[in-house]
Amino acid sequence: MRVDHAVSPWPLREPFCVSSSRGNRPKQFNANLNRRWWGRLLFDRRGQFLKPKELVRIEESKLRKIVRYAYSKVPLYRRRFDEAHVKPESIRSLDDLAKVPFTVKTDLRDNYPLGLLAVPANRLYSLHASSGTTGKPIVVAYTRGDLLRWATLVGRALDTTGVRKGDIIQNMYGYGLFTGGLGIHYGARAIGATIVPASSGNTKKQLMLMKDLRTTVVTCTPSYMVYLIEASKAEGYDAKTDFALRIGIFGAEPWSEEVRKRIQDAFGLRAHDIFGMSELYGPGVGIECEQQNGLHIWQDEFITETINPNTGEVVEPGKEGELVFTMLSREAMPLLRYRSRDLSTIYEEECACGRYHNRIKRIKGRSDDMLIIGGVNVFPSQVEHVLMNIRDVGDQYQIIVSHKELDRLAVKVEVPTNRLNDTTFAKKIRDDLFAVLSIHAEVELVELGTLPRSEVGKALRVVDLRPK
Ligand code: ADP
Ligand code: ZN
């Protein structure tokens, strides 16, 4: 059904209504203005295809502005710049960026809840918080402009994956303080697709809605989508024919190419990686285009660098490092050179999709996720990569690290009943793990359906039993 808002008996009043600067206008005129405004500001395909020169010009001009803004509005930045003897006016081009002091997670925690605000609190439109597994969470704040920019970026991300007006998006990210749910929600608004705010959990109902509403797009954590493979089977659905899914947008935790394959094969959809974090608005910072080869980071809103996490030195594109982000127009809470702790690689080559925004490789994990086992560095994502490549290994696994004289790594893997006592199979898994990790793991084969599954939030696959 098409509704022409100009003549609708229910004039359009969007949640972020702009006031007309030209004084009082008849209602219908306002409706029109809103429509134009939503259309122009939020649905932003042009921004996706900015040319490299334009991107750099925008980055540099926004950088000059945001540095001065942060310095003048946020005492922490003023102090940091003064201590480092850096004058905000001296930051003029991308080459000057390395002079800007880093901001780290503890800066946000230490200033809990709103010590880094650059605007009076009564200008805030929203507050969110990261899950904060240890201690106080990180609270993030948004002005109206911030919310609109965020919505625009998520809208761009959805559009980049091929989601269009008319698609039915079942959004299974949690709604609430977590930015995943509402972030995708705002993005869907920006492009005018239909949103089903299903939120996380409630698996049976999710599957029922997915079938009955003819959902075409799903958004959730990759681990939850993997869980839905078996849950849909258990509920008697045929994942390929009962559902009409065409696109899946998965993020908030690391996942592997092999998991992508499993999800795509099971549901017959195209799976895209989406990246973000609460500190950087939320989801929608980076997205895979239809090439499914690296995530474009919206370069006109975020400057991305990679650094050596030990020395803080910038590493060149193409080399792995810790991602550092500078937000170019965050009004409520500017973030300069924010150390994300996420490890990845930037690459600047042109993408076949025609977008020039730099890409990053899929996130390997956070530096804090890295397990040091007997002196060897192990990322859970490496274990997943190995396991999911082996036929007959189920979708669920658990990594257990313990210490008995030496550090020990054990991996529990779900396998079909006929493999349970197959020692050659267990040895193959052990050998494959050794080839990638250079460490011997004990492999325990367990029955399908026995390892813990998480229906909400991010998967917890690592159990570290070592004394702290
Ligand atoms: P919390 O820090 O409490 O987990 P967030 O929900 O903001 O809160 O999580 C952001 C983090 O989630 C990122 O820093 C990153 O480690 C992880 N993450 C988000 N998207 C992805 C992704 N596509 N791939 C891998 N990791 C991701
Ligand atoms: Zn691309």
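Only a predicted model underlies this, so the values are computations on that prediction, with no experimental measurement involved. Both counts, for ligands and for their atoms, begin at 1 and track the order of listing.
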Checklist entry - For atom 17 (C) of ligand 1, which of Gly365, Ser344, Ser278, Ala252 has the closest heavy atom? => result Ala252
Next on the checklist: If you measure every N or O of Asp273 against every N or O of ligand 1, does any of those distances drop under 3.5 Å?
Outcome noted: yes
Checklist entry - Within 45 degrees of the axis of the six-membered ring of Tyr227 and under 6.0 Å from its centre: does Arg453 put its NZ or CZ there? => result no
Checklist entry - Taking everything shown except Lys73 itself, do over 12 heavy atoms lie less than 6.0 Å from its NZ? => result no
Checklist entry - Angle at the Zn ion (ligand 2) between SG of Cys353 and SG of Cys289, to 10°? => result 110°
Next on the checklist: On a heavy-atom basis, I'd like to know which of Glu253, Lys105, His128, Lys364 is closest to atom 26 (N) of ligand 1.
Outcome noted: Glu253
Item to check | Candidate with minimal heavy-atom separation from atom 10 (C) of ligand 1, of Met277, Glu279, Glu288 | outcome: Met277
Checklist entry - Should we say atom CG of Leu213 is surrounded by more than 12 heavy atoms from elsewhere, each under 6.0 Å from it? => result yes
Next on the checklist: Show the atoms of ligand 1 that are less than 4.0 angstrom away from any heavy atom in Gly276.
Outcome noted: 10 (C), 13 (C), 19 (C), 20 (N)
Item to check | Chi angles and distances behind the side-chain hydrogen bond (donor to acceptor under 3.5 Å, both in side chains) call for Glu258, Asn389 | outcome: CA-CA 6 Å; Glu258 292 68 32; Asn389 241 330; 3.3 Å; yes
Checklist outcome for this item: Per-atom filter on ligand 1: closer than 4.0 angstrom to a heavy atom of Gly251 are 23 (N)
Next on the checklist: Is it the case that the side chains of Tyr397 and Glu384 hold a donor-acceptor pair, with the cut-off being a distance below 3.5 Å and no angle test?
Outcome noted: yes
Next on the checklist: Can you confirm if the aromatic rings of His128 and Tyr142 lie within a centre distance of less than 6.0 Å?
Outcome noted: yes
Next on the checklist: Taking NZ in Lys361 as the centre, count heavy atoms belonging to other residues, nucleotides or ligands within less than 6.0 Å. Is the count above 12?
Outcome noted: no
Checklist entry - Does ligand 1 have an atom that lies less than 4.0 angstrom from a heavy atom of Arg362? => result no
Checklist entry - For His296, what is the atom name of its N, O or S atom nearest to the Zn ion (ligand 2)? => result NE2
Next on the checklist: Regarding atom 23 (N) of ligand 1: of the candidates Ile363, Ile274, Asp369, Leu295, which has the closest heavy atom?
Outcome noted: Ile274
Item to check | Under 3.5 Å: N/O of Thr179 near N/O of ligand 1 | outcome: no
Item to check | For Phe178, the ligand 1 atoms whose distance to one of its heavy atoms is below 4.0 Å | outcome: 6 (O)
Item to check | Exercise: do Gln398 and Arg461 side chains pair donor with acceptor under 3.5 Å | outcome: no
